[in-house]
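Here's the structure we're looking at; comments come further down.
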Amino acid sequence: MALDGAVTRAAFSEAEIAERVRGLGDEIARDYVGLEPVLVGILKGTFVFMADLVRAITMPLLVDFMAISRYGPTAQTKGVVRILKDLDVSITGRHVLFVEDIIDTGMTLHYILRTLSARRPASLKVCTLLDVPRRRLVELPIAYRGFTMENGFLVGYGLDFRERYRNLPYLGLLDERLLRPPSASEQVPPSGGA
Ligand code: IMP
Ligand code: MG
């Protein structure tokens with residue numbers, strides 16, 4: 001796929017991702033036999049992973065999505081999220097598998113898991129495509145993990161940098177030079193789009 005040079009290389013290829021997602025699907029199907037789990041994803045980052053994952057889980061399940069907005073990019077406000085679109089289905093008494101694209105500081109997930117567990121699901125587990133344990137600020141239990149990463153900012157396969165690159169079929173490393181804080185004249189207001 002032609003790029004503008006901002007993606008330096010593929011960290012995980014299409015084939016590697018497909019194989020790993022199949023593996024996760026098998027594991028999940030084995031663990032949830034007869035339980036009809038609800039898979040919950042956050043828009044928009046999880047939409048590609050979710051689409052592949054649910055097709056790799058060959059058993060009855062439900063799929064639902066939430067949309068959230070972060071209040072701001074600073075360290076103090078990073079874990080503060082607002083629910084823009086809540087779940088359509090009730091998760092009370094149901095087995096919930098929360099699906100994430102990437103767990104970085106873990107602040108977003110920490111907040112959402114608290115909100116979801118207050119609804120008294122029968123169980124609540126986490127499946128993430130990518131785990132960056134080095135950047136974690138809060139401890140989180142992760143039941144299913146696609147890949148572990150040391151550092152770098154990934155785009156593609158649903159993950160964005162300022163809303164771009166979600167459609168890359170692989171996970172690419174973004175050029176580090178783009179990650180420097182924007183100068184005052186380029187500053188964008190806080191927005192959603194996890
Ligand atoms: P956390 O609250 O720091 O764990 O942030 C998690 C969210 O930040 C993810 O769901 C992504 O939306 C975004 N994010 C964190 N790291 C990356 C990355 O390397 N590439 C793209 N998005 C990322
Ligand atoms: Mg996300």
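Numbering of ligands and ligand atoms starts at 1, following listing order. All residue numbers refer to positions in the sequence shown, counting from 1.
The proximity of Leu159 to ligand 1, defined as any non-hydrogen pair under 4.0 Å, is limited to the side chain.
Close contacts between ligand 1 and Asp160 involve ligand atoms 21 (C) [criterion: under 4.0 Å to a heavy atom]. Within the listing of ligand 1, atoms 9 (C), 10 (O), 11 (C), 12 (O) sit less than 4.0 angstrom from a heavy atom of Asp101. Close approach of ligand 1 to Thr108 is summarised as follows: ligand atoms under 4.0 Å from at least one heavy atom of the residue are 1 (P), 2 (O), 5 (O). Near Glu100, meaning under 4.0 Å from one of its heavy atoms, ligand 1 places the atoms 10 (O). Taking every heavy atom of Leu154 and a limit of under 4.0 angstrom, the matching atoms of ligand 1 come to 18 (C), 19 (O), 20 (N), 21 (C).
Heavy atoms of other residues, nucleotides or ligands lying less than 6.0 angstrom from CZ of Arg120 number 12 at most.
Ligand 1 has no nitrogen or oxygen under 3.5 angstrom from a nitrogen or oxygen of Ile103.
When the options Val81, Thr105, Ile102 are ranked by their closest heavy atom to atom 3 (O) of ligand 1, first place goes to Thr105.
A pairwise comparison of heavy atoms in Asp64 and Asp88 identifies OD2-N, 2.7 Å as the closest pair.
If you run side-chain contact (heavy atoms from CB on, under 4.5 Å) between Asp101 and each of Asp160, Ile42, Val48, Leu159, only Leu159 comes through.
Remark: Asp86 engages Arg119 in a salt bridge, criterion side-chain N to carboxylate O under 4.0 Å. A salt bridge between Arg136 and Glu139 is absent, with no side-chain N of the basic residue lying under 4.0 Å from a carboxylate O of the acidic one.
A heavy-atom separation below 4.0 Å is not found between Gly45 and ligand 1.
Ile28 and Val33 are assigned to two separate hydrophobic clusters, defined by single-linkage of ILVMFWY side chains at heavy-atom distances under 4.5 Å.
Side-chain atoms of Lys85 come within 3.5 Å of backbone atoms of Phe65 as a donor-acceptor pair (strictly under, hydrogens ignored).
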